[in-house]
Each structure stands twice: as structure tokens, then as C-alpha cells.
Amino acid sequence: MLGEGIVRGLAETARNFLGSFVSKERLTTVQFPEERLPQAEAARDFPFLVYDGEDWQAGMRCVACQICEKECPPKCIFIEKSKDKKPDALGRAQFYPARFDIDVSVCMSCQICVEVCPFEAIKMDTAFELSTDDRFGGLLWDRQKLALSDAHYHAIHPTDAAHTDELLAAEKAKAEARTKAAVAKASPAPMPQPPAPAAANEP
Amino acid sequence: MSSMTETTSAANDERSRKLTAGISEGQLLEVSMGPHHPSTHGVFRMDVVLDGERVVKLKPVVGYLHRNHEKIGENNSYLASMPYTDRLDYLCSLTNNWAYALAVETLAGIDVPERAQYLRVITAELTRLQNHSSVIGFLVQDMGASGTPLMYAFREREKILDLFESLTGSRMMCNYMRFGGCRIDLPAGWLDRAKKVVAGFPQFLDEYENLLGTNEILMARTQGIGALSRELAINAGVTGPLLRASGVNYDIRKVDKYGIYDRFDFKVPLGDNGDVYDRYMIRILEMRESIKILDQAMCDIPPGPIMDPKAKIRGFRPKAGEAYGRIEAPKGELGFYLISDGSGNPYRYRVRPPSFVNLTVLEDMCIGNYIADTIAILGSIDIVLGEVDR
Amino acid sequence: MTIEQVQSEIQSAIPGAKVEIILNPSPSAQHSLLLDHEHVLAVATYLRDVSELRLDYCSNVTGIDWLPREKSEKVKVKNLVEGVEQEVEEVHKTVVPGYLEVVYHLFSVEKKHGPVILRLRTEDRAAKVHLPSLTPIWRAAEFQEREIFDLYGVIFDGHPDLRRILMWEGFVDHPMRRDYVEPDDYEYEPTPHDHVLQRSREESGRH
Amino acid sequence: MTETIDQIFVILKHWLVGHVPTAVEPIVSELLSVVPIILLFPLLFALITVMERKGLGRIQNRYGPNRVGPCGILQPIADGIKTLTKENIVPHSADKVVHLLAPLLLVMATFLGYAVLPVGRNMVAANMDAGVLFFFAVGSMTELSVFMAGWSSRNKYSLLGAMRAIAQMISYEVPLILSSVTVIMAAGTLSTVSIVEQQSGYTGIFPHWFVFTPWGFAGFVLFMIAATAESNRSPFDLPEGESELIAGYYTEYSGFKFALFFLAEYLGMMSISGMAITLFLGGWAAPLSFLTWIPSYLWFFGKLFFFIAGFIWIRGTLPRLRMDQLMNFAWKFMLPMALINLVTAGVWRFMPTGILRWLVCSAMVVAPYVLLGRGFMLGKRLEKRTYRFAD
């Protein structure tokens with residue numbers, strides 16, 4: 001009670017005061033708009049829809065299976081299935097989302113939609129400076145706003161994207177093998193089935 | 001039976017009556033501390049009756065952050081509740097994840113691969129480090145140190161949050177664990193960075209003890225304040241560092257040996273007085289033990305799969321039944337009680353929040369102390385309102 | 001100690017106590033004991049102080065709302081109605097009245113074991129929702145029973161301070177009940193999400 | 001030359017006064033003393049706020065304000081604009097007149113103290129014979145305004161804060177004055193100017209400051225502790241203790257009135273530091289004889305800066321005391337120490353110069369300090385504890 005503890009404390013703060021001028025370990029502040037930390041590869045903010053090729057409408061991987069809509073915890077995804085079908089990357093006729101809206105004011109960036117998607121069609125973006133002055137329209141993203149290219153996906157999540165490509169390639173090979181077998185069995189070829197994981201999810 | 005008279009809340013009323021004996025109603029000051037108050041850690045309210053500066057009655061009022069988390073859980077699938085558990089105790093999302101995953105795994109009988117168990121231990125212990133460090137920071141902040149200890153704690157916490165970000169993609173809402181494992185494997189170089197952070201942590205603890213460990217003011221403010229007896233602590237279901245500060249050797253990591261905690265060599269620090277100082281020191285000592293666990297876990301972590309191959313992400317429907325799973329979260333026993341009716345959503349999804357139950361004894365600890373002490377006592381309970389109110 | 005041993009121990013220690021085992025078919029195998037209202041305080045005191053179990057720590061108190069004739073409760077209904085004839089695996093279409101249930105998870109700090117699970121059931125969901133409070137035995141139940149009173153409407157007799165805890169004073173309904181309907185009177189502000197949520201509800205209704 | 005620079009403000013004032021009619025000469029002369037104080041110290045206050053925020057920032061391993069102007073130096077201007085443009089909220093049930101008067105009175109009272117502070121050679125607004133007495137007398141006026149603020153706000157936190165403030169300020173005024181009485185005894189005068197002049201001599205290169213005697217040092221430490229409490233600074237910032245009482249007596253103040261409280265707190269801190277400098281640290285006198293060429297007012301402000309830095313450092317380190325501990329500390333430690341110190345000063349005065357005088361007087365101060373300190377420790381059983389570990 002003679003003040004030794006207080007003196008020790010004062011010495012410690014003095015050490016930190018001086019240390020903050022010399023050591024980066026101590027002064028960890030990152031002065032944001034000028035300095036930016038590199039983003040972690042696993043970073044996630046809001047989902048986007050991956051499309052292959054140049055045209056976002058033609059190349060969209062999403063087949064409007066609505067699994068993500070059902071699994072989304074805060075129910076921020078809304079999908080309307082198309083009436084007609086369009087060919088996907090493998091050339092098979094698939095439904096596509098006539099509407100795909102995400103309310104990013106509600107989305108909590110949990111990545112569940114990415115995990116449940118059997119088509120590798122929805123992924124997490126890393127853009128985070130998304131403020132807008134339009135509370136209603138500006139935060140309800142439609143499919144055009146959500147569509148981002150596969151190249152963008154490769155740019156932000158290289159490891160993940162490489163893995164996805166492998167999966168898709170395997171899928172493609174399987175589908176081709178199946179088509180070939182089907183062709184060998186009987187021509188004309190029957191309507192190709194959706195890939196296996198989707199089938200597994202039908203309740 | 002002997003402990004019954006001491007542990008009931010009627011004892012509080014009795015003490016209140018004694019303290020206010022001979023004081024007319026008009027001389028007492030009723031203060032509603034909170035829900036907007038700098039040191040109630042969110043939107044917590046204490047209806048305090050003061051005689052001068054002395055607390056003669058205190059009723060905690062909670063619910064300002066109530067969002068019926070359990071109902072949300074009942075209306076969502078098992079998987080979709082996982083990100084919601086992040087938001088319970090938003091400082092320790094990873095331990096929340098683990099508790100929930102453990103409950104579901106118990107319910108459905110899912111195994112967790114070795115590597116995933118190690119990942120869970122590493123992330124949970126890192127969570128404990130960052131929670132305890134910010135708690136002791138907040139505690140001293142509440143006692144009027146203008147931010148310095150808290151900033152030091154946050155400096156270290158940031159390093160751990162950076163690790164979480166590079167592993168799970170998010171700093172606080174990690175949403176990392178799944179039924180039967182973990183979501184993603186460690187990125188390249190993560191373990192080395194984590195080792196560096198953990199190796200630097202004892203230095204921070206030493207620094208922290210230098211700053212405040214022998215500080216006369218801190219000792220005067222905390223020693224002998226808010227002492228919680230062993231009997232009351234057990235009877236009132238107090239868990240976590242609070243319980244151990246009262247001298248009860250009860251750490252679920254040791255008792256249940258969930259996950260792989262039986263493989264690690266660590267000890268459980270115990271206090272004798274159960275006052276604020278003990279709670280403060282127990283947390284510091286627990287951090288040192290956590291560092292030991294982390295050192296062992298990061299050394300031993302084996303390669304292998306991180307998800308049970310049988311575990312289903314989509315369309316998960318456990319058999320009808322029920323299960324209670326609990327872990328030693330940084331704040332105490334965090335339990336999840338699930339009842340399945342065989343459908344995709346739990347029939348009942350119950351969270352046993354540690355800080356909510358720990359609040360039961362707030363009045364017992366505060367009556368007769370000064371109003372400044374209530375702040376310190378509340379800080380030492382370590383509540384997070386996201387969990388209290390659910 | 002198996003659940004049957006606990007049952008027989010209680011029954012021999014407290015004559016007249018009705019203790020029924022509720023089996024849990026899930027892999028967790030956490031079976032529970034259904035107690036009657038009259039003897040529950042005696043049983044609880046016995047379990048805490050006298051029994052070899054020394055269940056001095058009540059960890060978790062849960063309220064559950066079982067609706068009448070809920071399809072999902074067919075396993076439990078069979079236990080309740082037929083008791084011994086558990087091997088019969090046929091679906092009964094009996095109308096079982098709904099009830100509210102309170103579950104206590106007990107552990108022992110001294111002996112470091114558990115959980116022993118106790119259940120209490122009300123007679124129905126509307127008028128006879130009284131249960132004896134275990135707060136005098138385990139203080140840990142104080143806030144949790146208040147919460148169950150608040151969210152489920154179980155009235156605990158003997159609770160020292162039975163008030164609403166999470167909802168505000170003056171709130172009328174019990175929001176955790178399965179048939180709770182959200183009132184339409186809260187402060188309302190339109191957001192774009194309403195539109196999305198409405199449509200997604202309609203959509204999921206179709207599935 | 002150095003003489004001219006040292007006296008430049010005095011010369012300037014005389015020159016200006018010489019140009020006005022004789023009738024208004026006293027008024028102009030006073031105005032020329034008062035206006036610089038009213039301009040300079042608030043400016044210093046602005047500087048200190050930014051210094052404090054940056055200093056605390058560095059202590060806490062962060063930058064502190066660095067966005068407004070170069071290195072954030074213009075931050076006080078931004079803060080000033082903010083507080084001036086904020087809405088002035090007066091609680092519905094507040095006593096509106098008193099609510100308005102309290103901050104005004106507080107600032108006025110703190111400004112009055114500067115009248116007797118010699119900020120340089122021949123630079124004092126009012127050279128009173130009872131300068132020290134005047135300083136403490138107007139200093140206690142702040143208590144009144146603090147209570148006015150707390151009472152008129154009709155807020156429980158304000159009331160509690162005001163009650164704490166009154167108790168604390170009155171209690172600490174006793175050791176504050178008792179510790180300065182030693183200096184008055186030694187100097188034999190109540191005039192601040194003569195107290196400084198008595199300290200401005202040198203033995204060799206070392207100055208004759210009162211702090212370099214056992215009783216002076218003890219008195220200085222006691223004075224500074226009491227001064228910290230008087231100016232409501234950490235660790236004695238209970239009246240406004242934000243984690244307990246939101247903002248204490250000024251909870252219900254906003255906008256410019258809040259800024260006035262803030263200004264008064266810093267002005268009070270500076271004036272009491274100025275008094276400590278005057279009493280114990282030789283006022284404007286240079287610390288070493290060969291440094292006398294540096295103008296005296298620079299020495300005064302240099303020392304003031306040193307004091308402010310100390311206040312900031314302490315604020316960045318210590319947690320707050322509790323009310324009863326604060327009072328115990330005042331009456332059970334500060335008061336006995338101040339009284340013992342008074343006796344020590346007397347012994348020092350009557351003992352012959354020499355090493356024995358040093359030993360006896362030092363022992364007279366250190367022994368009670370150790371005894372009282374240990375007594376505190378034992379009485380409360382405060383100790384660093386050891387802990388058990390279970391497997």
C-alpha cells in the first residue's frame with residue numbers, strides 16, 4: 001500500500017507510450033481509407049451468382065432449385081423459377097431463375113446458401129463498402145446485380161475456385177460418360193437428369 | 001438442508017429489510033440504472049434502491065434485446081440455427097457453435113473426425129483467450145481506468161480476431177462448426193501465425209499484471225467485494241470462472257471431457273474468496289492454462305478429414321428424441337437442449353445461457369455494497385446481453 | 001447409476017411418489033423421469049441432499065409446449081398412454097390433450113456426474129397450468145422458471161418472484177407457445193424485406 | 001537583451017498604458033492584464049485537450065485524433081464547432097435559472113484564481129498581499145457551482161455526482177491548504193510573488209525551490225494528490241465517474257454549457273498546477289542557474305506542461321477509487337500526513353543547517369508514510385494472492 005503497484009503501472013504505461021512510437025507491434029492501428037489490410041481469402045460479405053463465359057444470363061449456373069431459399073436462415077433470398085429452360089454449361093436444358101433477389105439488409109453473411117448449393121452457383125463476395133443512400137431499392141439486389149463472373153470468383157477466392165473447378169470438371173466427366181452410355185444404349189438420348197446432389201435433396 | 005436458508009432469494013429481502021430498518025421511504029433513492037448506461041454492457045437495467053451510496057435493493061431487468069431466439073430456432077432447420085448461435089454471445093461465437101454442434105451430434109449420434117476435434121479445441125481456446133482478455137479489460141474500464149487496460153486487451157484480441165477472419169471469413173460471426181466437423185480446413189500458414197500469436201500472449205498477460213496486478217487502487221476496489229459463497233454459487237447454478245473463483249472445482253472440460261479435452265494437460269485455477277479480485281485473477285490464470293492447451297493442440301494436430309463423411313449438410317433430419325449438450329464456454333456452462341420430432345426443424349430448441357443464469361446471484365452479491373461496487377460486480381459476472389436476452 | 005435404479009431409489013425413499021421413465025430413443029440415450037406434482041418437492045430435496053446422487057446443481061430448466069394430437073409426438077404419446085406396452089409400434093390416432101412440460105437437467109458438482117432429467121407436466125394448456133416451483137430447492141431455477149412463466153405461461157407455485165422476465169410487464173400472451181399468433185400492433189415500419197419474406201412464405205407454403 | 005525579452009510583455013503593457021488618459025489608466029492597465037489571461041488559457045485548454053487525447057492514445061497504443069488538420073492539431077476547433085452548434089437541452093423539470101448559472105459561475109470562479117498566479121517575472125494580474133488565501137477562497141467557489149449544477153438538473157445521477165463532488169472537494173481542501181501552509185510558514189508571506197522570489201536564488205547551480213527539502217517534497221506530493229482530487233481528475237474523478245454516474249453533475253448539460261464545464265475542469269487543473277509551481281517549484285524561476293537567460297514565462301509554461309503531462313499519464317494508468325475509500329484516504333492518510341509535515345517544516349526551520357537536519361526531517365516524513373501505508377494494507381487485508389490449481 002505504499003504505491004509500488006501504482007508506480008509499476010505508471011512505468012508500464014510509459015513503456016507503452018514510448019513503444020507506440022517505435023514498435024509496429026504496439027501501434028496496431030490501421031488507418032483505414034489510406035491503409036488497407038489484404039483481405040483474407042475466406043472473407044465473406046454478401047452472396048453473388050457465378051456465371052461462366054461472357055454473358056451473365058446465358059452463363060448463369062443457378063438452376064433455380066430454391067434450396068438456398070429454403071435453407072437461408074433469415075429468409076432473405078427470393079427465387080422465381082423460369083417457365084422455359086435454357087442450356088447450362090454442360091449443354092443440358094435447365095431452368096433458370098426468372099427472378100433472384102437478395103435483400104442484403106437482412107442477409108447475415110452466414111454462407112449457408114453457398115454450402116447447400118449443389119451447383120456451385122452461389123458464392124460469397126468480399127466487397128464490403130456497399131453503403132447506399134437508397135434504403136429500399138439499393139439494398140434489394142436483383143439477379144443482374146448479383147451476377148458476377150467466374151473470373152471474379154477466381155480472383156477473390158483462388159483456392160476455393162480451383163476446388164470448385166475440379167468438382168465441376170468431375171461432374172462434367174460423369175455427365176458425359178452417362179450421356180455416352182445412354183447414347184450407346186439407345187438413341188435418341190433421353191432428357192439428361194440433373195446432377196446427383198440435387199436429386200439427393202428432394203424431400 | 002443447512003444451505004437452504006442462505007441460498008434462497010428470501011434472504012435478500014431479509015437483508016434489504018435489515019439495511020433499511022429505521023430509514024423512512026423518502027430517504028431512499030430509487031435509481032433505474034440502464035438500459036442506457038455506460039457500464040451495463042449493453043441494454044441491461046438494474047432497478048437499484050440506494051441509501052446514500054449503499055445499495056439496499058437491486059432487481060435486474062432484462063429482455064431489451066429479446067428476439068425469441070428459441071422460437072427462431074424452432075422455425076428454422078438445424079443447420080440454419082448455426083449462424084444464429086453466433087449472435088448469442090457475440091464475443092465467443094466459436095464456443096456457441098461448438099455447444100450447438102455438440103448437442104446436435106449427441107442427438108443424431110454423429111462422430112467428429114480427429115482433426116476437426118483439434119480444430120474445435122484450438123478455436124475454442126482462442127475464443128476463451130479473447131473473451132477473458134476483453135472481460136478483464138472491461139472490468140477495469142468499469143472501475144474507471146480510462147480505457148488503457150481495455151485497449152491493451154483489444155490489441156491482443158484483434159490478433160486473435162484476425163486469425164478467426166482468415167480461418168472462417170468473419171471476425172466475430174464465425175459460423176464455423178458443422179454437425180460432424182468443421183466447415184473449412186486451415187488455410188496455408190494459419191497454424192504458424194496462430195502459434196506466433198499464442199507465443200506472444202503470455203507477454204501481454206505479464207504486461208497486464210504489471211499494469212494492474214499489484215495496483216493498490218484495484219486491490220482496494222476488488223478484494224472482499226461481492227463475495228459469493230461456495231454453497232450459493234452451486235445452488236444458484238453459477239458456472240464458469242465465477243464458480244471456480246468461489247473455490248468449486250467444476251470445469252466441464254474436465255468433468256464431461258467433451259471433444260478431446262482429456263488429452264491435454266491443463267489445470268483448473270481455483271479461488272478461495274469468490275470476490276471480484278478472485279474472478280479477475282482466475283480469468284488471467286485460465287488464460288495461461290488455455291495457452292498451455294493451445295500449445296499442445298497446435299503441436300499435435302493430425303492431418304485428415306474435417307467432416308464426418310456420413311454427416312449431411314442438406315436435408316438433415318435426426319431421429320425423434322432429445323439431447324442436452326453442454327460445453328465450458330468462456331462465460332460458463334453453455335448448453336443446448338434439442339427435441340427432435342423427426343422433421344427438419346427441431347421441435348424444441350433451448351439455449352441454457354451461462355450469463356443469464358449467473359445473473360441470478362447479482363442481488364445477493366450487491367446488497368450492502370456501494371453503487372460503485374455493483375458496477376465492478378456486474379463487470380466481473382461477465383454478461384453479454386445477446387445471450388441473456390436471447 | 002441407470003435410470004431404472006434412480007427410479008426405484010426414489011420410489012423406495014419417498015413412498016407414494018409416482019416416477020415414470022420417459023425413454024429417449026435418440027442416440028443420446030438421455031432418459032428422463034416424469035414426476036407427479038405432489039411429491040416433486042420431496043423428490044427434489046431427496047435427490048439434492050440425501051441420495052447418493054447428490055444432484056446439487058440444476059443446470060437447465062426448459063419449457064415445452066405439446067399441442068394436442070401433434071403427429072410428431074406419437075412416440076411419447078404411446079409412452080404416456082400405454083406405459084408398459086412399449087413394444088407396440090403402431091400409430092394410434094388417439095386424441096391426446098396438449099400439455100405444457102417443464103424439464104429440469106440436474107447435475108452433481110460434488111460427484112461430477114449427470115444429467116438426471118426430471119419432467120413435470122401440466123394437466124392442460126389453458127386453465128390447469130400450475131406446477132410446483134423447484135426454486136426453493138435449486139436457486140438456479142429462479143430466472144429460468146420466470147422465463148418459462150413468461151414465454152409458456154406455466155404458473156410455478158412457490159416461486160418467490162414470479163414476474164415476466166424477457167417480455168415486458170403488461171404483455172398478454174406467451175410467445176413460445178406453438179400456437180402463438182404474432183399480434184398486429186407492434187410499431188411497424190415497411191422494409192423491402194417484407195415483400196421478399198411474404199413471397200418466400202407463399203413459396204415455401206407450396207412446397 | 002535577455003532582460004528585455006524576459007520583460008517584453010511588461011514593457012509592452014506599460015507602453016500601451018502610457019498612451020491613454022490618466023483617468024482610465026488603472027482600468028486599461030487591469031484590462032491589459034486580464035484579457036491576455038482570458039485569451040491565453042482557453043487557447044491552452046484547446047491545446048491540452050488535443051494533447052491529452054493524443055497522449056492517452058499513445059499510452060493506449062493508438063494514434064488519437066489525427067484527421068483534422070496536420071496531425072489532428074485542429075481537432076479542438078472541430079470540437080468547438082460541434083459543441084457550439086449542438087442543441088442546448090434543458091430538462092423539463094430543471095431549475096432553469098440555476099441550471100444556466102452553474103457553468104457560468106464555475107468558469108468565472110476558476111478564472112479568478114489566475115489573478116494571483118505569477119506567470120513570469122513581474123507578470124501577475126493582481127499582486128495581493130494575501131494571494132494564496134485569495135486563490136483558495138475563490139477555488140472553493142467551484143464547489144457551489146458544482147452543487148448548483150447537480151441540484152438544478154433534477155437528475156438522480158447529477159444529484160449523486162454533486163453530493164460526491166461536495167464531499168470530495170471539501171475533504172481534500174483540508175490537506176490541500178495544510179500542505180501549502182508549510183510553504184507559507186517557511187516563506188513567511190501569503191503573497192505569491194514574494195513566495196516565488198524567495199525561491200529564485202541559487203546555491204551553486206541548484207535553485208532554492210521548496211520541493212528540494214523533505215517537508216517541501218512531502219508537501220508537494222500531498223498538494224498534488226489533493227489537487228488531483230480538487231480538479232476531479234482520475235483517479236479521483238468520482239463526481240463525474242462515467243461508468244457509475246454517466247457524467248455525474250453535468251449529466252444533463254449539452255452543447256456549449258457542457259463545453260463550459262469541460263473548460264472549467266481544465267482551467268481548474270491548470271490553475272492548481274500553477275499554484276503548485278508557484279508554491280513548490282519556484283514559479284517562473286529557472287531550474288538551473290545557467291538557464292536563467294530563457295524568459296521566465298517560458299519556464300512557467302514549461303513547468304505547467306510538465307504537470308499536465310503528469311495528469312494525463314496518471315489518468316491513463318489508474319482505475320478510480322470508491323467514495324468511502326476516497327474519504328478514508330483524505331481523512332486517515334492525507335490529513336495526518338499534512339499535519340506531520342507541518343511539524344516537520346517547523347523542525348526544519350529551527351534546526352541548524354547540516355546533514356542531521358536532512359536526516360531527522362526525512363525520517364519524520366518517511367516513517368509515518370510507511371506506517372500509515374502499511375496500516376492501510378493490514379486494516380483492509382489487501383494483498384497479492386496465490387491460487388490453488390486443481391487437476
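Every heavy atom of this structure was used, including side-chain atoms; hydrogens, water molecules and symmetry mates were not. Protein chains get the first letters and strands the later ones, always in sequence-line order, with residue 1 at the start of each.
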Is the count of non-hydrogen atoms from other residues, nucleotides or ligands lying under 6.0 Å from D:Tyr387 atom OH greater than 12?
yes
Are more than 12 heavy atoms from other residues, nucleotides or ligands located less than 6.0 Å from atom CZ of A:Phe128?
yes
Which region of D:Leu56, side chain (C-beta onward) or backbone (N, CA, C, O), has a non-hydrogen atom less than 4.5 Å from a non-hydrogen atom of chain A, or is it both or neither?
neither
Within a strict 4.5 Å, meaning less than it, do heavy atoms of the D:Thr317 and A:Ile6 side chains meet?
no
Using a 6.0 Å cut-off, check whether atom NZ of A:Lys180 has over 12 heavy atoms from anything other than its own residue.
no
If you measure from CG on A:Leu10 to CD1 on D:Ile314, what distance do you get to the nearest 0.5 Å?
6.0 Å
Can you pull out the residues in residues 159-167 of chain A with any heavy atom less than 4.5 Å from chain D?
none
Contact summary for D:Ile59 and A:Asn16, nearest pair of heavy atoms
O-CB, 3.6 Å
Listed by residue number, which members of residues 210-221 of chain D have a heavy atom under 4.5 Å from any heavy atom of chain A?
none
Heavy atoms of A:Leu27 and D:Arg58 approach each other most closely as CD2-NH1, 3.3 Å
Output all residues satisfying ring pair (Phe, Tyr, Trp, His ring centres under 6.0 Å) with A:Phe95, sequence neighbours left out; order by chain, then residue number.
none
Heavy atoms under 4.5 Å from chain D: which residues of residues 30-42 of chain A carry them?
A:Gln31, A:Pro33, A:Glu34
Interatomic distance, CZ@A:Phe21 vs CG@D:Asn61, rounded to 0.5 Å, equals 10.5 Å
Give, for atom CD of D:Gln60 and atom OG1 of A:Thr29, the distance between the pair rounded to the nearest 0.5 Å.
10.5 Å
Nearest 0.5 Å please: distance from the OG1 atom of A:Thr28 over to the CZ atom of D:Arg62.
11.0 Å
